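Just below is one structure, and these are the notes that go with it.
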Amino acid sequence: MIATVRSARKLEGAITLPGDKSISHRALILGSIASGDSQVRGLSPGADVQSTAACLRDLGVSIHDSQITGGGMRGLHAAAASLDCGNSGTTMRLLAGLLAAQEFESELTGDESLARRPMDRVVEPLQRMGARASWPPLRVGGGPTLNGIEYFAPVPSAQVKSAILLAGLYTQGETAVVESVKTRDHTEVMLGAMGAEVQVDGLRVAISRAEQLNPIDIAVPGDFSAAAFWLVAGGLVGVSDVRLRGVGVNPTRTAFADLLTSIGFRIGRATPRFEAGEPVVDLEVTPAGELRPVRVERGMAAEMIDELPVLAVAATQIAGTSVISGAGELRVKESDRLSAIEAGLTAMGADIVTRDDGWIINGPRRLEGARVDSAGDHRVAMALAVAALIADGKTEIEGAECVEISYPDFFDHLEYLC
Ligand code: S3P
């Protein structure tokens, strides 16, 4: 599908974002091994979360609307065939951890993009725990009881941390992950809420074997990583007043909002509350003031990894040189996001150069509508759509259907707000 996006004169209105993708995956997976029925309202409608639900159904779990019937810690059954994780790295890595601890073997596959992504980062720690795990193709489980390990994560990754913690629910002895940067902590928050023994001490998270998990009853907050596109768009379009209802603002997710505020964006927070142990607010976006160049250094990128493509778009409008570094992980996401964003923004007239681990962007540049390629990557498609809103004329985004992965209503919301 080619999406045509035209220059916007204003951006106004209130929208409700899709349910948080990260929390939705975890609610489905943990609900599946809880003892009894969990109620999870507002699950992400995106294709990635549907991949997780489909894999769990193949493992014998009953999921109907918002109800997940958990069969306990040993309630999963071997699937009849390979589990298809689609485009979803979170599905593949989290399920690898859970399934490594089961008495049966599982094979996990995915689309072309997922087949190219590194899975050694989960296989290696799972092997250290004594699991049978190999890749490629990714096969896990059917081995002896796992041992607890203390794992110093070489790459900051919430998916890897979560995989190890899920396996750690089944180990003899404590399992701990020590990170160099704190990544999103939804797994440990939800596990704690379900009665697991989780200990968090700074950058170290430890889990003990669980005999059972209590079911949950939650409403999933709106996805901050989806909100990010409107934070930038609302700040850059000359006239704006956008309200984003019910956005999850877990501090391990909101470094991007803090960064935007520090360079001159105006983002208000209203009606704070809690859902499922997670902080939630309404975000209010109005035009930015005078903007200062962006500097993302080593150690900062991991905290805003999903928001960096749209940060690059913002940087094209800021006077001076913006430097985004320490972001080499963007090369192994759903696409090589460093190259895909450089290609799209260059076609639109930006001054952007890609380095090994980030971009250097000189601004401000007036962007021109162009034909650009999403590279089949939802966050690239949405970031380029934001660029299109502030560009002259019309932009055509190829492969725009990939927004289905995390935000199926994205283009409807765009039309409504304009
Ligand atoms: C996610 C973790 C991040 C993020 C992804 C979702 C999660 O990936 O980019 O969109 O839900 O744990 P990494 O763990 O590879 O950094």
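Both counts, for ligands and for their atoms, begin at 1 and track the order of listing. Because the structure is a prediction, the values reported are computed rather than measured.
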Note to self: Side chains of Thr183 and Glu179 only: does a donor on one sit below 3.5 Å from an acceptor on the other?
What the structure shows: yes
Next item on the list: Decide if atom CZ of Arg204 counts as having more than 12 heavy atoms of other residues, nucleotides or ligands within a radius under 6.0 Å.
Entry: yes
Next item on the list: Return the set of residues passing salt bridge (Lys or Arg N to Asp or Glu O under 4.0 Å) with Glu188 (not counting sequence neighbours), or none when no residue passes.
Entry: Lys161
Next item on the list: Could you tell me whether Glu334 and Arg117 make a salt bridge, using a distance below 4.0 angstrom between a side-chain N and a carboxylate O?
Entry: yes
Next item on the list: Enumerate the protein residues lying less than 4.0 Å from ligand 1, judged by heavy-atom distances, in chain and residue-number order.
Entry: Lys21, Ser22, Arg26, Thr90, Arg93, Ser157, Ala158, Gln159, Arg184, Ile305, Asp306, Lys333
Notebook entry, point to check: Excluding sequence neighbours, so at least two apart, what forms salt bridge (Lys or Arg N to Asp or Glu O under 4.0 Å) with Arg243?
Noted result: Asp282, Glu284
Check: By salt bridge (Lys or Arg N to Asp or Glu O under 4.0 Å), which residues pair with Glu103, not counting sequence neighbours?
Finding: none
